[in-house]
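Here's the structure, in structure tokens; my notes come after.
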Amino acid sequence: MKILFQGDSVTDAGRDRSQSSDMGFGYPKYASAMLEDAFPDIDFAFVNLGISGNRTENLLERMQSDFIEIQPDIVSILIGINDVWHHYAFDCVYTSNEAFERNYTTLLEQIKQKTNAKIMIIQPFLIDVPDKQNLKAELAEKQEIIARLAEQYADVYLPMHEIFEADKAEDKTVYAADGVHPTEDGACLIAQKYLEAISPLIEAMESNK
């Protein structure tokens with residue numbers, strides 16, 4: 001069973017890009033290990049093609065080589081924070097809500113049409129930190145778009161922002177010191193929620209063989 005992790009720096013997480021099987025140091029590292037432990041009878045092939053700095057339009061540019069040619073059984077997608085953050089970090093880079101929805105919809109349509117992959121959509125998240133308050137409103141708008149698209153296209157939806165918000169930790173920066181890039185604790189929490197969300201899908205796929 002081939003599982004493709006796709007996204008930006010949160011997925012990339014320092015991976016060796018010369019080896020697509022390298023999981024980096026983020027949630028794919030822990031999620032892949034947890035899946036192997038949970039399903040010891042399944043022969044998994046894990047592929048991490050997250051690239052730091054990517055936005056939705058970049059995933060579209062990589063569609064042929066990094067989605068279609070991979071032909072995964074399951075693809076998980078965590079994208080969107082840079083479509084907001086780059087608007088404020090680099091004034092010339094702006095992804096309107098209309099462009100964001102068009103990009104993401106095209107991405108999902110292409111996956112549906114040109115692969116047989118099941119789709120897991122992970123909600124982009126932002127831990128509440130003082131220097132990124134200006135991202136919250138625009139990110140919320142794009143999170144609404146993602147939730148709507150997930151209803152239409154996703155086999156699994158993981159509302160990671162809401163999970164972080166509901167967490168009882170007194171200081172949530174233990175999960176992402178800068179609000180965006182997970183610490184080891186943050187990566188492990190994402191991986192645990194990833195496992196919980198995707199396990200029923202994997203079980204169903206196995207039973208339908």
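What you are looking at is a predicted structure, and each value in this text was computed from that prediction instead of being measured. Residue indices begin at 1 and follow the sequence shown.
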- Task: Say whether Ile190 and Met120 are linked into one hydrophobic cluster, either directly or through other cluster members, by side-chain heavy-atom distances under 4.5 angstrom.
- Result: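 Yes; Met120 is reachable from Ile190 via cluster members.
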
- Query: Which pair of heavy atoms, one from Gly186 and one from Pro182, lies closest together, and at what distance?
  - Reply: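 Shortest heavy-atom separation between Gly186 and Pro182 comes out as C-CB, 3.9 Å.
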
- Item | Which atom of Ile79 lies closest to which atom of Gly7, heavy atoms considered |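 The answer is CD1-C, 4.0 Å.
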
Note: [X]-[Y] ion pair, threshold 4.0 Å (strictly below):
X: Glu206; Y: Lys209; value: yes
X: Asp12; Y: Arg17; value: yes
X: Glu109; Y: Lys112; value: no

Whether the side chain of [X] engages the backbone of [Y] through a donor-acceptor N/O pair (distance < 3.5 Å, no angle test) should be reported.
X: Gln123; Y: Met160; result: yes
X: Asp66; Y: Met63; result: no
X: Asn82; Y: Asn54; result: yes
X: Gln19; Y: Asp16; result: no
X: Asp155; Y: Ile119; result: yes
X: Asp73; Y: Lys2; result: yes
X: Arg15; Y: Asn48; result: yes
X: Ser96; Y: Ala99; result: yes
X: Gln71; Y: Lys114; result: yes
X: Arg55; Y: Asp8; result: no

[X], [atom1] atom: more than 12 neighbouring heavy atoms under 6.0 Å:
X: Lys142; atom1: NZ; result: yes
X: Asp131; atom1: CG; result: yes
X: Asn116; atom1: CG; result: no
X: Tyr157; atom1: OH; result: yes
X: Glu184; atom1: CD; result: no

Do [X] and [Y] make a side-chain contact, defined as non-hydrogen atoms from C-beta onward lying under 4.5 Å apart?
X: Ile3; Y: Val75; result: no
X: Phe125; Y: Leu78; result: yes
X: Gln6; Y: Val47; result: no
X: Leu139; Y: Pro124; result: yes
X: Phe67; Y: Gln110; result: no
X: Glu101; Y: Arg148; result: yes
X: Asn97; Y: Ile145; result: yes

Calculate, to the nearest 0.5 Å, the distance between atoms [atom1] and [atom2] belonging to [X] and [Y] respectively.
X: Met1; Y: Phe39; atom1: CE; atom2: CZ; value: 8.0 Å
X: Lys136; Y: Leu126; atom1: NZ; atom2: CG; value: 7.5 Å
X: Thr105; Y: Gln152; atom1: OG1; atom2: CD; value: 7.0 Å

- Can you label the angle between the Phe46 ring and the Phe44 ring as parallel, tilted or perpendicular, going by 30° and 60°?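 Correct class here is parallel.
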
- So Tyr194 and Phe5, would you call those rings parallel, tilted or perpendicular, with 30° and 60° as cut-offs?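 Taking Phe5 first and then Tyr194, their aromatic rings sit tilted (interplane angle of 30° to 60°).
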
- Task: State whether a side-chain donor-acceptor pair under 3.5 Å links Thr95 with His87.
- Result: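 No, His87 and Thr95 have no side-chain donor paired with an acceptor closer than 3.5 Å.
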
